[in-house]
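The structure under discussion appears below in the form of structure tokens.
Counting convention: from 1, in listed order, for ligands and their atoms alike. Values below: every heavy atom of this structure, side chains too, minus hydrogens, waters and symmetry copies.
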Amino acid sequence: MRILNFVGARPNFVKVLPILQAIAAYNSEAGKSTDKITEVLVHTGQHYDYQMSEIFFDQLGLKPPDYNLGVGSGPQGWQTAEMLARAERVLLDERPDVAVVYGDTNSTLAGALAAAKLLIPVAHIEAGLRSYNRKMPEEINRILTDRLSTYLFCPTSRAVENLTREGMTTGVHLVGDVMYDALLRNIKIAQIKSRILAKLALKPKSYLLASVHRAENTDNPENLENILTVFRQLEHPLVLPLHPRTRKRIVQLDLMALLENDSNLKIIDPVSYLDMLVLEKNAKKILTDSGGIQKEAYWLKIPCITLRRETEWPETVEAGWNRLVGANKEKIAVSVNELSPEPHTLPQAYGDGHSSETILEILVPRSKEIEH
Ligand code: UD1
């Protein structure tokens, strides 16, 4: 069995980690038999800064990619098309039995399309998520990737329902969330290894943690200005690891002054996965427009204020741990003061922490036999 994993952007690296670990475990259980899984890791090069890419491989013990397609940044269509062309060449050389794609980035869609055109079955991890906002490039990627996939691995029952509504019922599997697997396996390691709190002189529960990188906020000057203005006005110290996209827009729009000369704001470079987990776990509250961070906040029981008007993770909102506020200054400020969910109201909506093994058992059914 030959499995080819496509990654390219920061959240993809976190999601592939538990799958690679499950493959390694499968292969070690397979012993000397000839039935081992051959795994090929392809990095599209969508993210390329050390802090956005290589640090994840270094720190998480991920093997270096077998291929780096070196695509880099560019307009949506160009970036996706370059990845598609370069991915096709790798797929023709490697001829995997299945191509696995993760989440909703341009790398996800390009990998899925290249494989589907070559009649290679596609497995989509994080299938069925919808924001129902087609202005998001990620929503286009989700819808198309799901259409192209043979295996639709859904993290939540809501995702299964979304697919059912769109007429997709074959190959749909409710498996839980691989990001939950990753968090459970890495939170203790993070707490032992990370020095980020000391480095930033932060005391647990004394600060807010923020992240902003969505096009709807970075590419809308009014939204970006609102968000940065309110960050300045909040009472607590606020830590903001700045995505390169957001930094560039802030400079272009001449908004840097909003972040300067304020001792309450700690603007830092993007951080590694382990440092981010520690920053999240010790934050008083989290403000974000990221999808993954909304879930991590939920699993770590940190109230989350989402700087968007919709979410692909409505379970977190319904449970009272997440509030959607868009880029509205008043709503952001009020929510930072108000949002305080009851600690016991945390339904387990994202699986049992073994999604990656479940996925592998579906892709490679013999793994069950090896176990027994
Ligand atoms: C991408 C994903 C988004 C995901 C995010 C995580 C798409 C459509 N979006 O958004 O879903 O949440 O990754 O970070 O795939 N840049 C650098 N260095 C890098 C990477 C990017 O400077 O290593 C800058 C460039 O100016 C680039 C911009 O960031 O043009 C945007 O990068 P891109 O990969 O297009 O999208 P993200 O905003 O990172």
field: Ser107 and Tyr102: side chain donor to acceptor below 3.5 Å
entry: no

Tyr273 ring center within less than 6.0 Å of Phe13 ring center: no

Every pair of nitrogen or oxygen atoms between ligand 1 and the protein that is under 3.5 angstrom apart - can you list them with their distances to 0.1 Å?
residue, atom, partner, partner atom, Å
ligand 1, 9 (N), Glu138, OE2, 3.3
ligand 1, 11 (O), Glu138, OE2, 2.7
ligand 1, 12 (O), His213, NE2, 2.8
ligand 1, 13 (O), His47, NE2, 3.4
ligand 1, 14 (O), His243, NE2, 3.1
ligand 1, 15 (O), Gln46, NE2, 2.9
ligand 1, 15 (O), Asn106, N, 2.8
ligand 1, 18 (N), Tyr48, OH, 3.4
ligand 1, 18 (N), Asp49, OD2, 2.9
ligand 1, 22 (O), Lys248, NZ, 3.1
ligand 1, 23 (O), Tyr48, N, 2.9
ligand 1, 23 (O), Asp49, N, 2.9
ligand 1, 26 (O), Lys248, NZ, 2.9
ligand 1, 34 (O), Gln46, NE2, 3.0
ligand 1, 34 (O), His47, NE2, 3.3
ligand 1, 38 (O), Arg245, NH1, 2.8
ligand 1, 39 (O), His47, NE2, 2.7
ligand 1, 39 (O), His243, NE2, 3.0

task: Could you tell me how the ring of Tyr298 sits relative to the ring of Trp321: parallel (under 30°), tilted (30 to 60°) or perpendicular (over 60°)?
output: perpendicular

- request: Using atom types as modelled and distance alone, determine if a side-chain donor or acceptor of Glu139 lies under 3.5 Å from a backbone N or O of Ser131.
  value: yes

- prompt: Under the salt bridge (charged side-chain N to carboxylate O under 4.0 Å, His left out) criterion, do Glu357 and Arg185 qualify, and how do the steps go?
  reply: CA-CA 13 Å; Glu357 289 92 344; Arg185 285 170 208 180; 3.2 Å; yes

query: Centroid-to-centroid, Tyr207 to His236, below 6.0 Å?
result: no

